[in-house]
Asker: 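Quick one: this structure, given as structure tokens, is what I'll be asking you about.
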Amino acid sequence: MPLPYLLLDIDGVLIPFPAADGSTAPTHVRHTVLPTGRHPDDPVPVWLAPSQGSILTDLLTSGLITPVWCTSWRKDATTIIGPLLGLPDFPYLDLPRPQITASHPDGYLWKRDHVDTWLGRAPVVWIDDDFTVLDHGWAQERTARGLPTLLIQPDPYVGLRADHLVEVREWATRQSGTNEALDAV
């Protein structure tokens, strides 16, 4: 069995949303970036926690998972956000640019249909702040069919925490044990 994928979102995960008063966590540093297609006079401010880079790198280079960006930042995840955090280079899922006005036009996260097709039968842990009950049901159904699937949903105003990455590592380690047992058969 292949290594599980780790699908990683950015907004609400690595870049938490500001509080109602516009404040951001003191652990996060402001960066001004220019995403692809954005006019140079209209850059975007983002807040990233520098400490997340080393914590994530440890997991991403563990050999337990295969990391893939799964974000509307698309290629900019690899050229802007990853470098700001000092992350190793890894691919991104080329998500479509749907003409939607809500994240859940069908009651579940808009990315899911594309992800489901792309994954095929691969195991996955997916970190995104925008799952619905239907997404969690999808993950349970995949797992019941023998396709290990874990969804981790950070609070979008807090973002990714160290305990989320501990959960990913523990889950991936269990999958590794399952893979070794299957290889021995």
Side-chain angles (χ1 to χ4, degrees), residues 1-17 25 27-28 47-73 77-78 81-93 95 103 108-109 111-112 114-185:
M1 183 180 286
L3 287 178
Y5 284 107
L6 167 65
L7 299 182
L8 186 60
D9 185 32
I10 291 178
D11 292 319
V13 175
L14 296 179
I15 304 172
F17 298 130
T27 55
H28 288 63
W47 289 262
L48 296 164
S51 63
Q52 285 184 329
S54 61
I55 295 168
L56 270 166
T57 296
D58 184 50
L59 175 63
L60 300 178
T61 60
S62 68
L64 291 170
I65 49 95
T66 300
V68 177
W69 292 109
C70 185
T71 172
S72 58
W73 283 81
T78 66
I81 303 302
L84 286 173
L85 288 170
L87 297 177
D89 190 34
F90 58 93
Y92 67 98
L93 189 56
L95 295 168
S103 295
Y108 54 87
L109 184 58
K111 301 174 191 175
R112 195 180 87 202
H114 189 71
V115 165
D116 193 36
T117 301
W118 181 84
L119 280 173
R121 299 190 47 80
V124 65
V125 56
W126 186 1
I127 303 175
D128 200 299
D129 66 295
D130 208 13
F131 296 122
T132 71
V133 170
L134 294 177
D135 296 307
H136 289 281
W138 167 82
Q140 290 171 345
E141 289 171 15
R142 281 188 99 243
T143 299
R145 291 192 330 253
L147 308 172
T149 303
L150 173 65
L151 302 184
I152 295 181
Q153 187 167 2
D155 178 329
Y157 296 95
V158 175
L160 190 65
R161 298 184 325 252
D163 62 309
H164 293 130
L165 298 177
V166 168
E167 185 178 1
V168 171
R169 184 178 289 277
E170 290 172 352
W171 180 87
T173 299
R174 285 193 305 275
Q175 303 318 306
S176 174
T178 301
N179 290 345
E180 289 170 8
L182 290 174
D183 291 343
V185 174

Asker: Donor-acceptor pairs are to be reported for all side-chain atoms of residues 122-131 against protein atoms at under 3.5 Å, with residues two or more places apart or in another chain.
Answerer:
from   : atom 1 : to     : atom 2 : distance (Å)
Asp128 : OD1    : Asp130 : N      : 3.0
Asp128 : OD2    : Lys111 : NZ     : 2.7
Asp130 : OD1    : His104 : NE2    : 3.2
Asp130 : OD2    : Ser103 : OG     : 2.8

Asker: About how many Å separate CD of Glu141 and CG of Leu147, when rounded to the nearest 0.5 Å?
Answerer: 11.5 Å
Asker: Looking only at atom types and distance, does a side-chain atom of Thr57 sit under 3.5 Å from a main-chain N or O of Ser54, one as donor and one as acceptor?
Answerer: no
Asker: Side chains of Pro4 and Trp171, heavy atoms from C-beta outward: is any pair under 4.5 Å?
Answerer: yes
Asker: What is the minimum heavy-atom distance between Phe17 and Tyr157, and which atoms define it?
Answerer: O-CD2, 3.5 Å
Asker: What is the minimum heavy-atom distance between His28 and Ala49, and which atoms define it?
Answerer: CD2-N, 3.3 Å
Asker: Would you say Gln175's side chain and Pro148's backbone share a donor-acceptor pair under 3.5 angstrom?
Answerer: no
Asker: If you take all heavy atoms of His114 and Leu95, which pair is closest and at what distance?
Answerer: CD2-CD2, 3.5 Å
Asker: Are Trp69 and Leu87 packed together at the side-chain level, in the sense that at least one heavy-atom pair is separated by less than 4.5 angstrom?
Answerer: yes
Asker: Does some side-chain heavy atom of Leu119 sit less than 4.5 Å from a side-chain heavy atom of Arg142?
Answerer: yes
Asker: At their closest point, which heavy atom of Leu60 faces which heavy atom of Pro67, and how far apart are they?
Answerer: CD2-CB, 3.5 Å
Asker: Return the minimal non-hydrogen interatomic distance between Pro83 and Ala77, and the atom names on each side.
Answerer: CD-O, 4.2 Å
Asker: With a 4.5 Å heavy-atom cut-off, do Trp73 and Asp11 have their side chains touching?
Answerer: yes
Asker: Check whether any side-chain N or O of Asp58 sits under 3.5 Å from a backbone N or O of Ile55 as a donor-acceptor pair, and report yes or no.
Answerer: no
Asker: Identify which one of Leu8, Leu6, Leu93 satisfies the side chain to side chain contact (heavy atoms under 4.5 Å, CB included) criterion when paired with Val68.
Answerer: Leu93
Asker: Does Leu48 reach the side chain of Ile15, with side-chain heavy atoms less than 4.5 Å apart?
Answerer: yes
Asker: Return the CG to CD distance between Asp9 and Gln153, rounded to the nearest 0.5 Å.
Answerer: 10.5 Å
Asker: Counting C-beta onward and ignoring hydrogens, is there a side-chain heavy-atom pair between Thr61 and Pro88 closer than 4.5 Å?
Answerer: yes
Asker: If we ignore hydrogens and angles and just use 3.5 Å, is the side chain of Arg112 paired with the main-chain N or O of Leu134 as donor and acceptor?
Answerer: yes
Asker: Does any non-hydrogen side-chain atom of Leu150 lie less than 4.5 Å from one of Glu167?
Answerer: yes
Asker: How far apart are the C-alpha atoms of Leu14 and Thr71, what are their side-chain angles, what is the distance that settles it, and do they pass the side-chain contact (heavy atoms from CB on, under 4.5 Å) test?
Answerer: CA-CA 11 Å; Leu14 296 179; Thr71 172; over 6 Å; no
Asker: Nearest 0.5 Å, what's the CZ-CG distance between Arg174 and Leu64?
Answerer: 11.5 Å
Asker: With sequence neighbours left out, what residues match Val166 under side chain to side chain contact (heavy atoms under 4.5 Å, CB included)?
Answerer: Glu170
Asker: Are Arg161 and Asp155 ion-paired here, with the side-chain N under 4.0 Å from a carboxylate O?
Answerer: no
Asker: Could you grab the distance from atom CD1 of Ile152 to atom CG of Leu7, nearest 0.5 Å is fine?
Answerer: 11.5 Å
